[in-house]
There are 2 protein chains.
Amino acid sequence: MNKFGDRVRELREQQNLLQRQVAGKLDIDTPMLSKIERGERRAKREQVITFSEILSADQNELITLWLADRVYEIVKDEDLATDALKVAEKECEYSKKPIAKA
Amino acid sequence: MNKFGDRVRELREQQNLLQRQVAGKLDIDTPMLSKIERGERRAKREQVITFSEILSADQNELITLWLADRVYEIVKDEDLATDALKVAEKECEYSKKPIAKA
DNA sequence: TTATGACTTGTCAGATATTGACAAATATAA
DNA sequence: TTATATTTGTCAATATCTGACAAGTCATAA
């Protein structure tokens, strides 16, 4: 599973941008971008934000995919993956931050 | 969130076992066990299995809690935590291993 | 063919994080 | 006090991650 990298590549190609161009704005070299797109290396959180700006993409979408990749990495070989995710989800519900100024 | 460590401690105390006794069977020292119970250090997967044997506990329950802790660690500060978990969950459904000899 | 541009692969040292082990501190009870 | 249980802090060894670079492949064009 490499949802983040796949999406980044998709967006980049849709907009006919070269790795060189995107990498430049991220201040990384093209080998690094290539690896991020293929899921061989993981982008930093700040880079995910930058990706969304460069690619005029939905920041929330990219962060979600980026997180999902990391989560999936942990549970991917586990029979109890779904159970574990549900437990984590419940904990998220429980400890959800109150919305500021709601 | 330290569901695994909390459960281990609960089980250990229910059975009036000392850290020393449990640690011995795990081949770790008591400071290490103390840290695992309090979530300061993470148990290895093999140790989770051993915990379930020592404490006569449900192996699946402990593995699930242990995984959930690790997953939660990744998403705990994220507004999109739940979304990300749902994406990961869907991927688990999709790529679930067929049950052997079903 | 050679040349060029886009991308990928492999490597590597430096930085960072994790690990297991130990001493020492604290707590609790006799 | 003493002894026992647990926690805290530290540390070197190890493992993992990181960024950067050279060199590779692949496709297209001259």
Side-chain angles (χ1 to χ4, degrees), chain A residues 1-51 54-55 57 62-63 65-78, chain B residues 1-51 54-55 57 62-63 65-78:
Chain A
M1 166 139 140
N2 175 34
K3 286 185 186 283
F4 175 74
D6 288 349
R7 184 71 178 119
V8 163
R9 172 157 300 188
E10 186 179 42
L11 288 163
R12 180 176 64 80
E13 289 178 343
Q14 275 173 8
Q15 298 173 42
N16 289 307
L17 295 170
L18 299 175
Q19 285 186 349
R20 172 163 45 80
Q21 301 174 292
V22 173
K25 299 197 187 180
L26 282 162
D27 198 33
I28 59 177
D29 61 12
T30 56
M32 184 60 70
L33 177 53
S34 169
K35 285 167 186 170
I36 290 172
E37 285 185 352
R38 286 173 299 106
E40 195 186 314
R41 291 288 180 100
R42 183 195 305 148
K44 298 180 186 176
R45 198 185 189 289
E46 350 140 16
Q47 291 175 326
V48 177
I49 310 301
T50 309
F51 268 116
I54 297 171
L55 301 170
L62 291 189
I63 290 182
L65 297 179
W66 175 78
L67 284 173
D69 283 346
R70 298 178 59 195
V71 165
Y72 184 72
E73 185 60 26
I74 290 182
V75 301
K76 63 169 184 243
D77 294 326
E78 298 283 350
Chain B
M1 167 139 137
N2 177 32
K3 285 184 185 286
F4 175 75
D6 288 348
R7 184 70 178 117
V8 162
R9 171 157 300 188
E10 185 179 42
L11 288 163
R12 179 175 63 79
E13 289 178 343
Q14 275 173 9
Q15 299 173 42
N16 290 306
L17 295 169
L18 299 175
Q19 285 186 350
R20 172 163 44 82
Q21 301 174 293
V22 173
K25 298 196 187 179
L26 281 161
D27 197 33
I28 59 177
D29 61 11
T30 55
M32 184 60 70
L33 177 53
S34 169
K35 285 167 185 171
I36 289 172
E37 285 185 353
R38 286 173 300 107
E40 195 186 312
R41 292 289 181 98
R42 184 195 304 146
K44 298 180 185 174
R45 197 184 189 290
E46 348 139 19
Q47 291 174 327
V48 177
I49 310 301
T50 308
F51 269 115
I54 297 171
L55 302 170
L62 292 189
I63 289 182
L65 296 179
W66 176 78
L67 285 173
D69 283 346
R70 298 178 58 196
V71 165
Y72 184 73
E73 185 61 25
I74 290 181
V75 301
K76 64 170 184 245
D77 293 326
E78 298 283 350

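All chains are named by letter (A, B, ...) in the order of the sequence lines, taking the proteins before the strands, and each is independently numbered beginning at 1. The analysis underlying the following values was restricted to heavy atoms, covering all of them including side chains, and did not include hydrogens, waters or symmetry mates.
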Can you check whether [X] reaches [Y] side chain to side chain, under 4.5 Å on heavy atoms?
X	Y	result
B/E10	B/Q14	yes
B/V8	B/V22	no
B/I49	B/I63	yes
A/L55	A/L17	yes

> Please give, in whole Å, the distance from D/dT7 C1' to B/E37 CD?
Replying inline: 11 Å

> Taking atom C1' of D/dA5 as reference, at what distance in whole Å does atom CG of B/L33 sit?
Replying inline: 12 Å

> Hey, where on DNA chain C does chain A first and last touch, going 5' to 3'? Cut-off is any atom under 4.0 Å from a heavy atom.
Replying inline: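 With heavy atoms of chain A under 4.0 Å away, the range is C/dA6 to C/dT11.
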
> Within less than 4.0 Å of OP1 or OP2 of D/dT7, is there a side-chain N or O belonging to B/Q19?
Replying inline: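 True: B/Q19 side-chain N/O within range (under 4.0 Å) of D/dT7 OP1/OP2.
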
>> Do the side chains of A/R12 and A/E37 get close enough for a salt bridge, i.e. N-O under 4.0 angstrom?
In response: yes

> Using 4.0 Å as the upper bound for N to carboxylate O, is an ion pair formed by B/E78 and A/R70?
Replying inline: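 The answer is no: the pair does not qualify as a salt bridge.
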
>> I'd like to compare against my own output: the B/S/- annotation of nucleotides 12-26 of chain D with a strict under-4.0 Å heavy-atom distance to protein.
In response: ------BBBBB----

> Rounded to the nearest 0.5 Å, what separation is found between the CG atom of B/L62 and the CG atom of B/L67?
Replying inline: 11.0 Å

> Distance from B/F4 atom CZ to B/F51 atom CZ, nearest 0.5 Å?
Replying inline: 5.0 Å

